[in-house]
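Source: prediction; values computed, not measured. Numbers for residues simply follow the sequence, beginning at 1.
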Amino acid sequence: MRTELVTTLKRRATDLITEIATDHEPVLITQHGLPAAYLVDVESYEAMQARIGLLEGIAKGEKAIEEGRVLTHAEAKKRMSRWLD
């Protein structure tokens, strides 16, 4: 992953955005020598958000199983029938 100074971002924002959109490689922006932000293209960001949503759904499902909040197949089918009819 590439690292750029915040001053480089200020001077070359258009160029950096074009490069990121083309190669889909995120850029770490530093300020005062410390990580400050990541610059990523829209497609990669949206894909990350979708993956996070899926992982959160899995985590909620696992927690529900641990807490005993489960249904049999028949119970689930009965509850879902009102949306499927």
Side-chain angles (χ1 to χ4, degrees):
M1 179 185 327
R2 217 165 92 195
T3 302
E4 297 288 349
L5 301 170
V6 72
T7 53
T8 303
L9 175 61
K10 290 176 185 178
R11 287 192 321 264
R12 298 189 50 234
T14 301
D15 294 335
L16 287 173
I17 290 171
T18 300
E19 292 168 14
I20 292 166
T22 302
D23 63 20
H24 303 283
E25 183 69 30
V27 175
L28 173 62
I29 305 299
T30 62
Q31 186 173 25
H32 306 295
L34 300 172
Y38 286 101
L39 188 58
V40 297
D41 64 283
V42 172
E43 185 179 328
S44 296
Y45 176 80
E46 290 175 348
M48 283 189 293
Q49 293 299 307
R51 283 192 298 271
I52 289 169
L54 179 62
L55 291 171
E56 287 173 343
I58 291 169
K60 286 179 183 177
E62 288 176 341
K63 184 175 182 184
I65 291 168
E66 288 173 4
E67 294 173 353
R69 294 182 290 121
V70 296
L71 300 173
T72 65
H73 177 75
E75 292 169 328
K77 188 174 178 180
K78 183 178 177 183
R79 284 190 184 187
M80 296 291 291
S81 67
R82 63 184 115 161
W83 291 292
L84 299 175
D85 291 333

Going from CE on M80 to CZ on R82, what distance comes out if it is rounded to the nearest 0.5 angstrom? 9.5 Å
Salt bridge (Lys or Arg N to Asp or Glu O under 4.0 Å): which pairs involve residues 26-53, sequence neighbours left out? none
L5-I20 co-clustered via ILVMFWY side chain contacts under 4.5 Å: no
Quick one: list whatever passes side chain to side chain contact (heavy atoms under 4.5 Å, CB included) with L71, sequence neighbours left out. E75, A76, R79
Taking only residues two or more places apart in sequence or in another chain, which ones pass side chain to side chain contact (heavy atoms under 4.5 Å, CB included) with I65? V70
Rounded to the nearest 0.5 Å, what's the gap from OG1 on T18 to CG on D23? Could you check? 10.5 Å
Heavy-atom nearest pair, P26 first then M1, reads O-CG, 3.2 Å
Report the residues that fulfil side chain to side chain contact (heavy atoms under 4.5 Å, CB included) with L9, sequence neighbours left out, ordered by chain and then residue number. A13, L16, I29, L39
Could I get the full list of side chain to side chain contact (heavy atoms under 4.5 Å, CB included) partners for E56, not counting sequence neighbours? I52
What residue pairs, at least two apart or across chains, pass salt bridge (Lys or Arg N to Asp or Glu O under 4.0 Å) with a residue in residues 2-14? R2-E4, R2-E19, R12-D15, R12-E19
